[in-house]
Each structure stands twice: as C-alpha cells, then as structure tokens.
S.K.: 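First the structure, then my questions, so here it is.
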Amino acid sequence: MYDVIIAGAGAAGSTAARILAEAGKQVLVLEKRNHVGGNCYDEKDPYGVLIHLYGPHIFHTDREQVWEFLSQFTGWKHFQHEVKAKTKEGLIPVPFNLNTLHLVFGEDADRIEKKLIDSYGQGTKVPVLELLHTSDQDLKRIGEYVYENIYLHYTMKQWGKKPEEIDKSVTARVPVKVAYDNGYFTNKYQAVPSEGFTVLFENMLDHPNITVKTGTSLEDCTEVQNGQIYYAGDKFEGKVIFTGALDELFGCKYGRLPYRTLEITFEHMEKESYQGVPVVNYTVSDAFTRITEYKYLTRQKINGTTISREYPRDYEGKPDEIPYYVIENAQNRALYEKYAVDAKNIKNFYTLGRLAEYQYYDIDAIVERAMKLSRELLEEKLWKY
Ligand code: UDP
C-alpha cells in the first residue's frame with residue numbers, strides 16, 4: 001500500500017515526504033510526537049502569543065532552490081536577526097563586530113579597528129580561538145575580551161566544556177566580524193514563516209499521497225528480521241527513511257550517543273515588552289544561555305509578552321527529554337559509525353537528518369539534503385513500486 005515509510009515529520013522527513021509524494025509515491029509519515037514540524041514546531045500559548053516550544057528558530061539561507069521549495073508552503077515575514085549579549089558593559093551586539101568594538105573599547109577602538117582590518121581584511125570573519133592566539137598584544141586583548149565575555153561562560157553552559165575543548169566548527173558558527181554589521185546571519189534570505197513553522201509543515205504534508213500518523217514511532221509499526229523490514233507483519237519492499245536517533249533505534253546496544261538537551265521554561269508577562277529585542281544571550285551570568293522574547297522574533301502584534309529561558313543539560317534518554325544537539329568529536333563519530341554499519345545492513349533503509357546522521361544541520365541544509373536524497377531514490381532503477 002505504501003511505497004515509502006518516513007519516520008519523523010520534522011524538516012527532513014516532511015521535505016522528503018513531499019518530494020516523493022509529488023513524484024507519485026504513496027508515503028506514510030510516522031511521527032512519535034503528537035505534532036508535525038519537529039523542533040521547529042510553534043503554537044500559540046494560552047495568552048495568544050506564538051511561541052517556539054523547542055527554542056527559537058529563524059530560517060536563513062543562500063540556497064535558492066530551498067527558498068523556492070519552502071515558499072510554496074508559506075509566506076514570509078522577513079527578519080534580519082540580531083542578538084545582544086548581556087555583559088557588564090550592558091547589552092552588546094553579537095557576533096562581536098566593529099560596532100561592539102567601539103562600544104567596549106572607547107578611545108582605543110580606532111587603533112584596534114585599523115589593526116583588525118590590516119591583519120584580516122575588511123568584511124572578514126575570524127574565529128575567536130584564532131584571535132586569541134595572535135602575537136599582537138592589541139588583537140590578543142580583543143581575543144581575550146571576546147573569549148571571556150562572549151564565549152567561555154556561554155559555551156560552558158551550552159556544552160559543559162570550554163570553547164577549546166569542543167569541535168572548532170561549533171564556535172566558528174559565531175565568529176568575530178571585521179565589519180560594522182550586527183547581523184547574526186549573513187544570508188540573503190532571513191525570515192520566519194508568516195503563519196508560523198507549524199503551518200508551513202502542515203501545508204507541506206498536506207498532499208493526497210501523504211498519510212501522517214502522529215503519536216506513532218517506526219518501532220510501533222515495523223520490525224526487522226535478517227535485514228528485512230516488515231510492516232504490519234508483511235515484508236516491506238518500499239523504502240524507509242529514518243530521521244530519529246539511530247542509537248535509540250538499536251536499543252543503544254553499543255552505548256548511548258551523547259547529546260545535549262535543553263530545559264526550556266516559558267514566562268508570560270502582562271506588559272508590552274520585557275527586553276525589547278528577540279534574543280539576549282547571557283554570556284557571563286545566570287544558568288540559562290539565552291532569553292527569547294517571541295513577539296520580536298515572529299513580529300506578532302499582541303498585548304502582553306512571552307519569553308523563554310534555555311537551560312542546557314546532558315541528555316539521558318528520559319521519556320520527555322529531547323536530544324537537541326549532537327556533540328561532534330572523533331570518539332562520538334566512531335560510536336555513531338557502529339550504528340551506521342547496522343543501519344546499512346537493513347535493506348532499503350536510509351538515515352536522514354541531524355539525529356540519524358549525528359551531525360549539525362541548519363534548517364536549510366537539511367531541507368536541501370532531504371531534497372537530494374529523495375531525488376536520488378526516485379532515480380534509482382531498483383525502485384520496485
Ligand atoms: N556561542 C557563544 N556565545 C554566544 C553565541 C554563541 O559562546 O553568545 C558559541 C556557543 O558555543 C554556541 C556556538 O557558539 O554553542 C554556536 O552558536 P549558535 O548561536 O550557532 O548556536 P545554536 O543557535 O545552534 O544554539
């Protein structure tokens with residue numbers, strides 16, 4: 001009856017479902033939560049404020065194809081994301097850029113700006129760890145300020161480790177910018193869906209060839225014997241795309257893959273504004289990493305305001321915990337590869353996404369990856385249905 005079973009209705013699974021359905025395949029999407037949209041899911045809280053239940057999400061991309069694909073399912077509110085960090089100097093722009101330099105370094109700023117431009121070039125992005133290790137005393141001073149006031153404590157909270165102890169690619173996502181530019185992202189398109197992310201994903205999954213079952217996991221409907229998948233007791237000859245945590249699918253038999261989870265608390269206030277900006281990172285104080293004020297993120301016009309605080313922790317696999325972030329390092333990759341070998345031994349079984357591939361993806365990157373995998377599957381001559 002089905003040509004494809006997709007486990008997970010987040011950005012990865014929903015995109016794959018749509019592409020395959022449009023090509024005429026009958027697609028069953030199983031989602032173990034009671035809603036679609038994965039961690040992009042948003043909903044109105046009891047006060048009517050649109051909140052992101054799993055933390056703030058902003059869509060940003062330079063990928064034209066991805067932008068066009070998603071724009072079929074939603075209008076957009078364009079949004080240039082800016083973040084402030086709460087430090088002893090007050091709220092300062094992050095990523096640290098020339099505006100931040102002048103705010104913090106007063107009369108020394110002109111001299112240091114010149115050195116930054118001479119050393120790295122106007123408009124460049126420099127990872128903080130690189131700046132920290134320069135021989136020039138002024139540049140080193142900037143590096144030390146930025147390390148201490150923006151990265152060290154935030155990264156300790158987020159990862160339980162110092163910036164130099166985590167994969168370099170993680171802090172490089174937020175570099176020091178040699179430009180007068182407070183933008184958090186540099187992409188051509190930056191937006192939130194005009195009716196929210198949930199509506200976007202509901203529209204994407206709204207296709208006559210797609211059946212969505214929420215509250216249902218892959219293990220509820222299928223089993224594997226000798227590398228063959230069975231669905232409802234019968235041999236399943238179609239394709240299965242799995243977007244969940246691979247270690248958990250295999251009962252964590254080689255040990256748990258480490259993830260970071262977040263405890264996110266929401267607070268509503270009957271006042272116009274709490275912080276006046278979408279996101280403030282708490283980079284030197286408090287136990288939470290950041291406060292998001294949703295009305296500034298979604299540009300919703302509403303009386304009252306709702307904020308969230310994010311408290312990162314180690315993921316332990318408890319029933320209500322969500323594995324948000326993979327922890328990229330060689331040891332974890334090696335453990336992942338053991339599960340990946342088992343996955344490859346299952347016929348017609350494909351892993352897709354941040355959890356199943358154990359790697360960080362922005363929304364646009366995973367949509368592109370899902371489009372690519374779906375098209376490759378469609379081109380495969382071995383497709384039986
Ligand atoms: N980071 C930091 N201070 C900040 C912002 C980011 O130390 O004010 C570091 C931190 O290690 C974080 C990483 O840079 O995990 C990537 O930040 P990003 O905003 O991309 O994290 P995400 O939005 O994925 O949680």
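Source: prediction; values computed, not measured. Whatever order the structure lists them in is the order used to number ligands and atoms, beginning at 1.
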S.K.: Establish, yes or no, whether the cationic atom of R33 lies under 6.0 Å from the six-membered ring centre of Y54 and within 45° of the ring axis.
M.R.: yes
S.K.: Tell me which residues fall inside the under-4.0 Å heavy-atom shell around ligand 1.
M.R.: V94, I150, Y151, Y154, T155, Q158, W159, V170, T171, R173, V174, Y184, N281, T283, R290, Y325, Y360
S.K.: Is it true that D220 and K213 make a salt bridge, defined as a side-chain N closer than 4.0 Å to a carboxylate O?
M.R.: no
S.K.: Would R375 and E379 pass as an ion pair if we require N to O under 4.0 Å?
M.R.: no
S.K.: Hey, can you tell me if F197 and H57 have their rings parallel, tilted or perpendicular (30° and 60° cut-offs)?
M.R.: perpendicular
S.K.: Validate the cation-pi geometry between R309 and F288: distance from NZ or CZ to the six-membered ring centre under 6.0 Å, angle to the ring axis within 45°.
M.R.: yes
S.K.: side-chain hydrogen bond (donor to acceptor under 3.5 Å, both in side chains): which pairs involve residues 272-284, sequence neighbours left out?
M.R.: E272-K295, S273-Y296
